[in-house]
Amino acid sequence: MAKTLYDPHAIEPKWQAIWEERQAFRTPSDPELLASRPKFYALDMFPYPSGAGLHVGHPEGYTATDVVSRMKRMQGFNVLHPMGWDAFGLPAERAAVREGKHPADITLRNIDNFRRQIQRLGFGYDWEREVNTSAVDYYRWTQWIFLKLYERGLAYMAEVPVNWCPALGTVLANEEVKDGKYVETGDPVERRSMNQWMLRITVYAERLLEDLELVDWPEHVKEMQRHWIGRSEGAEIVFAIGGREETFDVFTTRPDTLFGCTYCVLSPEHPLVATITSEAQRSAVESYVAESATKSDLQRTDLAKEKSGVYTGADAVHPVTGDRVPIWVADYVLMSYGSGAIMAVPGQDERDWEFAELYDLPIVRTVRPPADFDGKAYLGDGPAINSEFLDGLEIAAAKAKMIAWLEEHGAGSGRVEYRLRDWLFSRQRYWGEPFPIVHAEDGEIVALAYDELPVELPPIDEYRPTDDGRPPLARADPDWLEVSLPDGRKATRETNTMPQWAGSCWYYLRYLDAGNEELPFAPEAERYWMPVDLYIGGVEHAVLHLLYARFWHKVLYDCGLVSTQEPFQKLFNQGMILAYSYQDAQGKYYHPDEVEERGERFFAGDVEVTSQVEKMSKSKLNVVNPDDVIGEYGADSMRLYELFMGPLEQQKPWQTTGVEGVYRFLHRSWRLVVDEGSGELSNKLTDAPPASEPELERLLHKTIKKVSSDTETLQMNTAISQLMIFVNEATQASSLPREIASAFVRALAPYAPHLAEELWARLGGDGLVSLAEWPEHDEALCEDETITIVVQVNGKKRDELEVAKDADRETVEEAALASEKAQRFLDGKEPKKVIVVPGRLVNIVV
RNA sequence: GCCGGAGUGGCGGAAUUGGCAGACGCGACGGACUCAAAAUCCGUUUCCCGCAAGGGAGUGGGGGUUCGAGUCCCCCCUCCGGCACCA
């Protein structure tokens, strides 16, 4: 007779079809139902649909949100759990050039593949709310929000120094550049001056910083944002220039050290450099400035080890003492921070000390270092010295007094400076949102009216910039490019497009009401569903996406369009999934399938290789494809293993043998209910009450309790471990009451939903287990009748005792002292002290 | 250099407020079933001494607090992540 084994390939497509047919995961929309239950909004960071398809890292976070949403749904929450596509971006544009197709076609093809792969995992997404940022009915609303920003004066065009990436043929935002390279590809970036769109995110710096207090996010992500915003308190001080009209401002966090200022430094890009330089110094300064201009940011930082600079020949007037101090030009002062000029205080600043030593400039200490201090610049606290009216004051008091003095004498004021810069918001690409902006022939920038949206991407022949360096959209037909304004003026459309971040700044709002043709989303939907209750994604978005989205959200809040200050109440970062890779002595990689272990060593054929854990990558031949895993073990095993590997937030290596472990667990779960020989229900199942198997009943309640709380706190690895413990025990038990089996299947359902549906149906459960009621645990049954008490002598375990769970101190102490094994170690000595920890242990000290 | 986070068996990892270190899984070893294998099931599995009973050591290293430390404090080492002339 054919055995009825657990067969995920039969079960999984079947239940996925039924879920779809019964619309099991449609978000409730009935107003009465919405009002009657609490809501839960579980959000995944939506993927960019690349041509490479899904890798096993993607589903980790998706599985976690799916498990939580499924449990919440069973617990009676209205659940919103959507998925969509961050679909604008350069790779599709490049593929379009390569294949001679339109980027939209490439994008749709990739989306279909991603959707297929994601659907195989059996996630309970509401596909009716799927969004695609590159679809016209989505990006018209991105343009709509841009108009809101523009109206509020938060979007402007300016000639600014930009990060130009020649390899990409476009500019990049500050956040996209690190060490002079594009963070995604490592392509070098250079400085250029260009007329570009900027968003005034700096206006929101303080709120973006403060409101981090309101959200439940990992501390290190908050820390990264705080650092990126980079608030520092200090003072702006005005310096006059000897013999000239001009003045310049410096920003300092140490106004208390003003008396120690022995020179000033301007950045090479500072506008005053050219005007104040003396004739004698002109050629030296000019060649220094020219040299700095040719250096990339990378070189400037690298060469930072050795400072350099040139005297301008001009002197500044010390605002308090009236002394002359020399003004230098040096590239250790950046034009992009503060005012691009500093007062140098070598006594209290390491960089200034180094520079002063190099060029033999005077050094004056204005804070007395401790007697044993033998360093150079002293940054610690101490009484002010050499500082006239500040002498004797500690730093904080000295700062306050100096700021008061400056304000009184009109020489400066207290000031807060931020590291955060305005957001460079335009790109020279085709595959992005067109700006709803035209340029009139007289140069005026004109925003389109709301009813003129959308501005659709026009077809063009080639996706390269024009020969004279204008963006690809400049190639569009004049029908698109040229417009007449209502007042009769002729105008040209903006040909830059928005950066990829634009679409992801508000997609979580579009999900609330994805089909709305009148508005980006209805206010009542927003009030009901926001904020996002759980947002899971990779830490790589800690600054970029999360900062930009928070910024837009706050603008929408100020427009009265959203009701919460912050969009994402709880954020969680899943750790990256790594994989073993194998390399020989020459560094050549081998596919894991070629490698076998012999003893302690690894070989690929006859070649000895070493193993290591690395990021998955094609070149390292260690990429694991979810389709292959599902093909072999099924989606439930894939889901379970993704979460069982270890703590969600941790990096961890993929191990195929680990998938087999959870696959075996699902087999055991199957056999608990189904007799594999006959295909009928297992004859261990009984209609007897749960109490007929008291041990198992207790374990069930402990399991429900632990699975509920561990799922809530995203400790899914230990929740699964508890389910395994239950199955192991239940397998041993002589009978299995149906009620117990039913509760177990419901607790398993969020994790292995296909198997759970099948078992639920076989057990005769009502409807879908995905929509069944989550089991409740009975606290009284979560405690054992008797507990094991450990008996220690001098802190070492010597014996165990079984006592009633409510046994009092005296009883436990007596029993422990009576223990034969304990007595042996007491060696006849009188106990000096006996510590009783009820329910845990007794420690006898001699 | 600065700021975070982490170091636990052969491996992934568990351990309320300080209270039985190593749950669960992998791997390995032994056994059952089988002509045999796979699958499955049962058992063992931190290390050292011991036939065993039993004993000793043990959570990166060193010190401390405590009846008791993986957990708290101090110093050091290693790894990972972020930032890096931000005045």
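Reminder, nothing fancy here: chain letters follow the sequence lines and each chain counts from 1.
Rounded to whole angstrom, the span from the CE atom of A:Met224 across to the P atom of B:rA84 amounts to 10 Å. Counting to the nearest Å, the P atom of B:rG25 and the CG atom of A:Leu666 are 13 Å from each other. B:rG82 atom C1' lies 9 Å from atom NE2 of A:His220, rounded to whole Å. Atoms CD (A:Glu219) and P (B:rA6) sit 13 Å apart, rounded to a whole Å. Atom CZ of A:Arg226 and atom C1' of B:rC2 are 17 Å apart (whole Å). If you take CG of A:Leu212 and P of B:rG4, they are 17 Å apart, rounded to a whole angstrom. One can place CD1 of A:Ile720 at 13 Å from C1' of B:rG13, the figure rounded to the nearest angstrom. Taking atom CD of A:Glu676 as the reference point, atom C1' of B:rC41 lies 12 Å away to the nearest angstrom.
For B:rG82, the O4'-C1' to base torsion is more than 90° from 0; the nucleotide is therefore anti.
Comparing B:rU16 with B:rA39, their C1' atoms sit 41 Å apart, to the nearest whole Å. The separation of B:rC2 from B:rC73, taken at their C1' atoms, amounts to 23 Å, rounded to a whole angstrom. Comparing B:rC83 with B:rC29, their P atoms are spaced 46 Å from each other, to the whole Å. Distance check on atom P: B:rC79 versus B:rU46 gives 30 Å, rounded to whole Å. For B:rC77 and B:rA69, the P atoms lie 26 Å apart once the distance is rounded to whole Å. As rounded to the nearest Å, B:rU71 and B:rG64 have P atoms that lie 15 Å from one another. Using atom C1' as the reference point in both B:rG1 and B:rG61, the two lie 24 Å apart (nearest Å). B:rG10 sits 13 Å from B:rG60 when the P atoms are compared, rounded to a whole Å.
If you check every strand for non-hydrogen atoms under 4.0 Å, A:Ile342 touches a base. Residue A:Tyr580 is classed as a sugar-phosphate contact, given heavy-atom separations below 4.0 Å to backbone atoms only.
Inspection of the A:Tyr751 and A:Thr711 side chains reveals an N or O donor paired with an N or O acceptor under 3.5 Å. Between the side chains of A:Thr63 and A:Glu642, no donor-acceptor pair is found at a separation under 3.5 Å. A:Thr703 and A:Gln722 are linked by a side-chain donor-acceptor pair at a separation below 3.5 angstrom, with hydrogens and angles left out of the test. Using a 3.5 Å distance cut-off with no hydrogens or angles, the side chains of A:Ser339 and A:Asp249 do not pair a donor with an acceptor. Between the side chains of A:Tyr182 and A:Asn163, not a single donor N or O lies within less than 3.5 Å of an accepting N or O.
Distance from the side chain of A:Ser232 is smallest to B:rA87 among B:rC42, B:rA87, B:rC11. Residue A:Glu223 places its side chain closer to B:rC3 than to any other of B:rA87, B:rC67, B:rC3. Listed nucleotides: B:rA23, B:rA87, B:rC67. Nearest to the side chain of A:Ile835: B:rC67. Counting only heavy atoms from C-beta on, A:Ser721 has its side chain closest to B:rC24 among B:rA84, B:rC24, B:rA87.
OP1 or OP2 of B:rA14 sits under 4.0 Å from a side-chain N or O of A:Asn717. An OP1 or OP2 oxygen of B:rA39 is reached within less than 4.0 angstrom by no side-chain nitrogen or oxygen of A:Arg671. Checking the phosphate oxygens (OP1, OP2) of B:rG25, a side-chain nitrogen or oxygen of A:Arg668 falls inside 4.0 Å. Under 4.0 angstrom from either OP1 or OP2 of B:rA23 there lies no side-chain N or O belonging to A:Asn728.
Residues A:Lys652 and A:Glu60 are paired through a salt bridge, judged by an N-O separation under 4.0 Å between the basic side chain and the carboxylate. Between A:Glu350 and A:Lys376 there is no salt bridge, since no side-chain N of the basic residue sits under 4.0 Å from a carboxylate O of the acidic one. The pair A:Glu779-A:Lys705 counts as a salt bridge, with a side-chain nitrogen and a carboxylate oxygen less than 4.0 angstrom apart.
Comparing A:Trp228 and A:Tyr641, the nucleotide of RNA chain B nearest to each residue sits closer to the 5' end for A:Tyr641. Between A:Gln715 and A:Tyr418, the residue anchored nearer the 5' end of RNA chain B, judged by the nucleotide with its closest heavy atom, is A:Gln715.
Against RNA chain B, the stretch residues 642-658 of chain A makes heavy-atom approaches under 4.0 Å through A:Phe644, A:Met645, A:Pro647, A:Gln650, A:Gln651, A:Lys652, A:Gln655, A:Thr657.
Remark: side-chain polar atoms of A:Trp228 are not paired, donor with acceptor, to backbone N or O of A:Leu544 under 3.5 angstrom.
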